[in-house]
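Count residues from 1 along the sequence. All values below come from the heavy atoms of this structure, side chains included, with hydrogens, waters and symmetry mates left out. All values derive from a computational prediction rather than experimental measurement.
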Amino acid sequence: MAEYESNLRERLLDLQPLDGPGRLACERELACLFERKLGRVERLRYLVPACAALVMALGLSSLSLSEPDSTPLSTRAALLGMAALGAWWFVLCWRILRRGSVDLLCDRRRIAGTALGCTLLQTAWFAWHALRDPAQWAGLALAAPLFALALAVFVHQRRRESAARRREQELRTRLASSTERER
């Protein structure tokens, strides 16, 4: 019932022409809909993973290159793959830090997609090894829930994106109709 009243109130407000403060509030909400400036704590939320990802990328790539010749090719490929994922995480976090803001659609979509891709690769890796070695089932048992969690986060992000696009369309329509009424 409260949701119905809230929707009814919003629809009635949409019928009224926007005055100066209403128009400013609508434009401000539209501007804040897709981008959020980083504060000190939020900068730290991206700085720590950026540093960890850089260390991981450098460490794993050097480990892959310095392994003895007897190391299996699959192990070298896995190390280089994980190093590439670390480099990608570093690039994602560094771009956000350099910009000083989070693009709530693109950046979050990239982060959720990268997490989903990492957990998918991890789950596939353990599943492949579990077929040959029963001791690897424990790794698969840990990787599968992480994949399910990453999938849930990815779906949730897509829903947030869809809701933000709908809200953007509503605000743009409201601004456009208000501009037409003023003429």
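- Between Leu142 and Gln122, every side-chain heavy-atom pair lies at or beyond the 4.5 Å cut-off.
- Arg159 CZ: 12 or fewer foreign heavy atoms inside a 6.0 Å radius.
- Nearest heavy-atom pair, Phe90 versus Ala50, reported as atom, atom and distance to 0.1 Å: CD1-O, 3.2 Å.
- Here the straight-line distance linking atom CG of Leu116 with atom SG of Cys118 works out to 9.0 Å at 0.5 Å rounding.
- Leu121 is listed as a side-chain neighbour of Leu85, based on a closest heavy-atom distance under 4.5 Å.
- Residues Leu54 and Trp94 are not in side-chain contact: their nearest non-hydrogen atoms beyond the backbone lie 4.5 Å or more apart.
- Hydrophobic clustering of Ile, Leu, Val, Met, Phe, Trp and Tyr side chains at less than 4.5 Å, counting indirect connections, keeps Ile96 apart from Val153.
- Within a 6.0 Å sphere centred on CH2 of Trp125, heavy atoms belonging to other residues, nucleotides or ligands number more than 12.
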Side chain to side chain contact (heavy atoms under 4.5 Å, CB included) between Thr123 and Leu140, worked out: CA-CA 6 Å; Thr123 305; Leu140 182 60; 3.9 Å; yes
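- The distance from atom CZ of Arg110 to atom CZ of Arg95, rounded to the nearest 0.5 Å, is 4.5 Å.
- Few gaps surround CZ on Arg109; more than 12 heavy atoms of other groups in view lie less than 6.0 Å from it.
- Leu151 CG to Leu149 CG: the interatomic distance, rounded to the nearest 0.5 Å, is 9.5 Å.
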Audit row: Asp133, His129, side chain to side chain contact (heavy atoms under 4.5 Å, CB included) steps and yes/no: CA-CA 6 Å; Asp133 182 12; His129 284 287; 5.7 Å; no
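- One hydrophobic cluster, built from ILVMFWY side chains closer than 4.5 Å, cannot hold both Trp89 and Leu120; they sit in different ones.
- Here Arg43 contributes atom CZ and Cys93 contributes atom SG; the two are 13.0 Å apart, rounded to the nearest 0.5 Å.
- Separating the CG atom in Leu80 from the OG atom in Ser61 is a distance of 7.5 Å, to the nearest 0.5 Å.
- Across all non-hydrogen atoms, the minimal contact from Glu42 to Leu38 is OE1-CA, 3.6 Å.
- Contact check for Ile111 versus Tyr46: side-chain heavy atoms found under the 4.5 Å cut-off.
- Ala143 approaches Phe126 most closely through the heavy-atom pair CB-CD1, 3.9 Å.
- Side-chain contact check for Arg158 and Ser162: no donor-acceptor pair (N or O, by modelled atom type) lies under 3.5 Å.
- Residue Arg108 holds its CZ atom at 8.0 Å from NE2 of His156, rounded to the nearest 0.5 Å.
- Residue Ala130 comes nearest to Trp137 through the heavy atom pair O-NE1, 3.4 Å, listed as atom of the first residue, atom of the second, then distance.
- One hydrophobic cluster, built from ILVMFWY side chains closer than 4.5 Å, holds both Met82 and Leu63.
- A donor-acceptor pair is defined here as one N or O able to donate and one able to accept, closer than 3.5 Å; such a pair exists between the side chain of Thr173 and the backbone of Gln169.
- In terms of modelled atom types and a separation under 3.5 Å, the side chain of Arg160 and the main chain of Leu104 share no donor-acceptor contact.
- Summarising the geometry of Asp107 relative to Asp103, their closest heavy-atom pair is OD2-N, 2.9 Å, with the distance given to 0.1 Å.
- The minimum heavy-atom distance between Thr119 and Leu146, with the atom names listed, is CG2-O, 3.8 Å.
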